[in-house]
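Shown next, in structure tokens, is the structure this report addresses.
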Amino acid sequence: MKQLPILIVFILISLSSIAQEYIKIDEVTHVFIYSYTFCEEHKNPQSAKKHEMILEVGQNHSKFYSSNKAFTDSLLMRYANESPEVAFSKIFPLVSGSPVPPFCNFYVYKNYPTANKTTFIASDLSSGKYQVEEDIKFDWTIDINATDTISGLICHKAQTSFYGRNYTAWFSLDIPINDGPYKFNGLPGLIVQIADTDNEHIFSLKGLVNGNNKPMYYVKNTNTNTSSKGYVNALEASKADLIKELEKGTFSDENMKIRAIKRVQNRNNFIEKHN
Amino acid sequence: MARFCVSIAFILLVFTGLSQVTIQGELFSPTGTKANLEASIIISPLEKPGSITAFGFSSADGKFRIAVSSPSDSILLQVKSMSVRDTILRLANKSQLLRIPVTEQHHQISEVRVANRPIFSKGDTTTYIVSSFVQRKDFSIGDVISNMPGFEVSPEGKVSYQGRDIQKYYIEGLDLLEGQYSLANKNLPHTAVGAVEVLHNHQPVKAI
């Protein structure tokens, strides 16, 4: 019964995403696996969740998304030629155990579709599909004297701020790739670890594998263009929709319903903050 | 007098510290082959080659421009990228225009794979990942459970955890065999089981 809210959301997602088109945009040379730890509720370390994210780096573009989403996408592509009902019945049992938390439900493409721009796509909100295209220039301050060894890589320290939070990043010149988790980039080496000063959003590198030139896909959809602020507002609106659904639903236990609603309500700490 | 000297020294330091130079340049491959010339350009002080005074990136055609403010006479310029060989130059600390030859070389990063932790706990549940405890001679899940720290399996197939007999033996959350669980323990192949979970404060009788 505890699983109910997650299941409802998941069914909506899978049905809407069966008929989408995948375009090959690049070949993946390296895959970096990050663990993303985030507090769902502001100033509540108890609400911390962990999710595995992957960064695919190609010759010209890169893509950052949830590893569970990567799994779902590969299945959707495998059954793309089946009728939606058949595809759904095949895919659903396989993915029902690996949900994507709402704060991780996005793709970040760098340098695509427009060169030198970062595109953020979230296609599974109740109110529709959104796209945020930005030209982000991070203003990094490098701390000359601070070095550390993280996961066997010699790292340098740099600081920046981004949408209401201040971040400390550790990057390594051993991997001279100008990229990093989420929208972060602009350093002479790969960002191995980045955390905000309150330690509410932490990305840290957990593994790296060669991409073996496997294709990198872009999910083609008609998305509504918006700004970062617009997306955060849409996220709040979809939260309100979910609460409405939960209030309508029948639960065996009234307390369980109150707890489920409370859990959704407390989800107020998206990585980008606008006040 | 002593104070006077100190203040002069200080002013000098500030002056040299403020002087900013611009280093412009272009990467090219001397063999004429078309290489991807996008690279990180890193400026470091001569005495500390590992640190970073300034950095920039070259564009796809190899052009770059970096502003440097460094107090030292000479600086090091490093070219780093996944597709060209690392190049280091020693430069005088003044504005200049450079043409840097680079050779194409594809770097390999050694792979790092992460394995799941064999035992982890959440709340009052401790989870043992079965594949981490399998030995070659093992066939049944009972064989593997006997390898897990904290468990003991008697020859009859009864399981005890930390010296106490287990109360219930659930398969997929169901008490299928009740007291006869040793049947499953001896015959269920370990390849069919992903994880063994121990519920420490389990209450089998649903009170209210």
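Throughout, protein chains are lettered first and strands after them, A, B, ... in sequence-line order, and every chain is numbered starting at 1.
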Going by atom type alone, with no hydrogens or angles, which donor-acceptor pairs under 3.5 Å involve a side-chain atom of residues 55-63 of chain A and a protein atom two or more places apart or on another chain?
| unit_1 | atom_1 | unit_2 | atom_2 | d |
| --- | --- | --- | --- | --- |
| A:E56 | OE2 | A:Y65 | OH | 2.9 |
| A:H61 | ND1 | A:N111 | O | 3.0 |
| A:S62 | OG | A:D179 | OD2 | 2.8 |
| A:K63 | NZ | A:Y217 | O | 2.8 |

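For chain A, the nearby part of B:S110 is the backbone; its heavy atoms alone come within less than 4.5 Å. Heavy atoms closer than 4.5 Å to chain B are found nowhere in A:I154, neither backbone nor side chain. Both the backbone and the side chain of A:I144 have a heavy atom closer than 4.5 Å to some heavy atom of chain B.
Residue-environment remark: CD (B:Q180) stays at or below the threshold of 12 foreign heavy atoms within 6.0 Å. Heavy atoms of other residues, nucleotides or ligands lying less than 6.0 angstrom from CG of A:D253 number more than 12.
Across B:S40 and A:P188, no two heavy atoms sit closer than the pair OG-O, 2.9 Å.
Residue-level contacts of residues 34-50 of chain A with chain B do not occur; threshold 4.5 Å between heavy atoms. Against chain A, the residues from residues 47-58 of chain B that qualify, each with a non-hydrogen atom under 4.5 angstrom away, are B:K48, B:G50, B:S51, B:I52, B:F55, B:F57 in number order.
For the side chain to side chain contact (heavy atoms under 4.5 Å, CB included) with B:K80, the qualifying choice from A:I175, A:I177, A:L173 is A:L173, the only one to do so.
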**Prompt:** What do the steps show when you test B:Q108 against A:N210 for side-chain contact (heavy atoms from CB on, under 4.5 Å), and what is the final call?
**Reply:** CA-CA 9 Å; B:Q108 288 292 325; A:N210 284 326; 3.8 Å; yes
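Within the structure, salt bridge (charged side-chain N to carboxylate O under 4.0 Å, His left out) contacts touching residues 181-195 of chain B (residues at least two apart or in different chains) do not occur.
Between chain B and the options A:I33, A:V31, A:L187, A:D174, heavy-atom pairs under 4.5 Å are most frequent for A:L187.
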